[in-house]
Amino acid sequence: MLSSSSIEVTESAQVALSSLIVMTGGKGVDSLINKFREEANIKIPRRSQLQTTEGRATIAKIHHGLLGLASVAKSQPYQVPSWLPEVLVDISHHLNSPRPLNKVAGEAIKEFWRTHQGEWVFLQHLFTREQTEAIKQSTSSSYFA
C-alpha cells in the first residue's frame, strides 16, 4: 500500500504502519528499518533518465522506502528511541531529491520537529552534532536556537 500511486492510499498506509509499530511495541522495527533503508538508499537516476520507465520504477522504489522510514519515524511522536536519529538522517538525505521524494522527506522531518520541539532541550543530547545538522536542513534555524 505504501507503493500505491494514490496519495490518499499511501498516506493511509503510513498511518496504519505507524500504528502497527506502536501496537507491537516496536518489535521487528529494526528489520523494517533495514528493508526501508535499503530501498531509500538506492541511487537516484540522472535527471535525463527520470522520465524513462526504468527511472520511474527506481524513483517509485526509493519513494516506497522513504515512506516506510517516515512511517517508522512517525511511530514515535514524543520519544526518541536509539534508532530514530539515524532514521531521520536517512530521511534528510532526500530533502534535495526530485519530487515526490523531497516532499516526503520534508514533511517527515517537519512532523518530527512539530512533535518534539517542546522537549528539544531535554532530547538534543540524544543526537550528535551531525544528526542535528541534518535535521536542521528542513526546519528554520530559529527552531534550534
Side-chain angles (χ1 to χ4, degrees), residues 1-5 7 9-50 54-145:
M1 303 254 290
L2 287 174
S3 55
S4 172
S5 61
I7 292 170
V9 172
T10 57
E11 287 175 353
S12 295
Q14 273 191 292
V15 172
L17 180 56
S18 293
S19 298
L20 284 171
I21 293 168
V22 170
M23 290 188 320
T24 62
K27 291 182 180 162
V29 76
D30 290 332
S31 62
L32 281 175
I33 290 169
N34 290 336
K35 176 192 182 311
F36 292 136
R37 183 176 278 149
E38 186 177 309
E39 291 177 347
N41 289 334
I42 294 172
K43 187 176 182 213
I44 296 173
R46 293 185 192 153
R47 175 173 261 166
S48 62
Q49 298 172 333
L50 287 176
E54 186 177 311
R56 285 192 300 269
T58 301
I59 292 294
K61 189 173 243 184
I62 297 167
H63 188 235
H64 178 262
L66 193 56
L67 286 168
L69 289 175
S71 298
V72 170
K74 289 178 182 179
S75 74
Q76 302 298 317
Y78 302 104
Q79 300 171 21
V80 179
S82 60
W83 48 260
L84 185 57
E86 273 308 307
V87 166
L88 293 170
V89 169
D90 289 336
I91 292 169
S92 74
H93 289 154
H94 288 287
L95 291 170
N96 296 315
S97 295
R99 284 182 80 76
L101 306 177
N102 61 350
K103 185 174 186 278
V104 171
E107 288 173 357
I109 299 290
K110 286 177 184 171
E111 179 64 13
F112 164 79
W113 186 244
R114 185 187 71 76
T115 59
H116 290 80
Q117 76 181 45
E119 300 293 319
W120 185 248
V121 173
F122 306 109
L123 298 174
Q124 64 186 351
H125 74 279
L126 301 171
F127 293 79
T128 65
R129 170 178 247 124
E130 293 79 18
Q131 291 166 337
T132 300
E133 287 299 319
I135 295 166
K136 274 183 170 182
Q137 289 181 35
S138 83
T139 59
S140 169
S141 61
S142 64
Y143 286 148
F144 287 89

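Everything numeric in this text was worked out from a predicted model, so none of it was measured.
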K.L.:
Side chains of E86 and I33: does their closest heavy-atom pair fall under 4.5 Å?
P.N.:
no
K.L.:
Looking at V72, is its backbone amide N or carbonyl O close enough to the side chain of S75 to form a donor-acceptor pair, meaning the two atoms are under 3.5 Å apart?
P.N.:
yes
K.L.:
Would you call the rings of F127 and W120 parallel, tilted or perpendicular, taking 30° and 60° as the class edges?
P.N.:
tilted
K.L.:
Could you grab the distance from atom OG of S48 to atom CG of L50, nearest 0.5 Å is fine?
P.N.:
7.5 Å
K.L.:
Report yes if some heavy atom in the side chain of K74 is under 4.5 Å from a heavy atom in the side chain of V15; otherwise report no.
P.N.:
no
K.L.:
Could you report the tightest heavy-atom contact between I21 and T24, atom names first, then the distance?
P.N.:
O-OG1, 3.1 Å
K.L.:
Side chains of S92 and I135: does their closest heavy-atom pair fall under 4.5 Å?
P.N.:
no
K.L.:
For V87 and R37, run side chain to side chain contact (heavy atoms under 4.5 Å, CB included): C-alpha distance rounded to whole Å, both residues' side-chain angles, the deciding distance at 0.1 Å, then the answer.
P.N.:
CA-CA 8 Å; V87 166; R37 183 176 278 149; 4.0 Å; yes
K.L.:
Please answer whether the main-chain N or O of Q76 pairs with a side-chain N or O of Q79 as donor and acceptor at a distance below 3.5 Å.
P.N.:
no
K.L.:
Might you point out which heavy atoms bring H63 and V104 nearest each other, and give the distance in Å?
P.N.:
NE2-CG2, 3.5 Å
K.L.:
Assess whether a salt bridge exists between K35 and E39, defined as any Lys/Arg side-chain N lying under 4.0 Å from an Asp/Glu carboxylate O.
P.N.:
yes
K.L.:
Between atom CH2 of W83 and atom CG of L88, what is the distance when rounded to the nearest 0.5 Å?
P.N.:
8.5 Å
K.L.:
Rounded to the nearest 0.5 Å, what separation is found between the NE2 atom of H64 and the CG atom of L69?
P.N.:
10.5 Å
K.L.:
Determine yes or no for a side-chain-to-main-chain donor-acceptor pair under 3.5 angstrom, with H93 supplying the side chain and N41 the backbone.
P.N.:
no
K.L.:
Might you point out which heavy atoms bring L95 and A134 nearest each other, and give the distance in Å?
P.N.:
CD1-O, 4.2 Å
K.L.:
For R114, what residues pass the salt bridge (charged side-chain N to carboxylate O under 4.0 Å, His left out) criterion, not counting sequence neighbours?
P.N.:
E111
K.L.:
When rounded to the nearest 0.5 angstrom, what distance separates CD1 in I42 from CG in L66?
P.N.:
11.5 Å
K.L.:
If I take atom CD1 from residue I59 and atom CZ from residue R99, how far apart are they, to the nearest 0.5 angstrom?
P.N.:
13.0 Å
K.L.:
Taking the side chain as every heavy atom from C-beta outward, state whether F36 and L17 have any atom pair closer than 4.5 Å.
P.N.:
yes
K.L.:
Rounded to the nearest 0.5 Å, what separates atom OG in S71 from atom CG in L32?
P.N.:
9.5 Å
K.L.:
Just by modelled atom types, is the Y78 backbone N or O under 3.5 Å from a matching donor or acceptor in the T115 side chain?
P.N.:
no
K.L.:
Report yes if some heavy atom in the side chain of L84 is under 4.5 Å from a heavy atom in the side chain of L126; otherwise report no.
P.N.:
no
K.L.:
Quick one: are T128 and P85 in side-chain contact, heavy atoms under 4.5 Å?
P.N.:
no
K.L.:
Mind checking whether I91 and F112 have side chains closer than 4.5 Å, heavy atoms only?
P.N.:
no
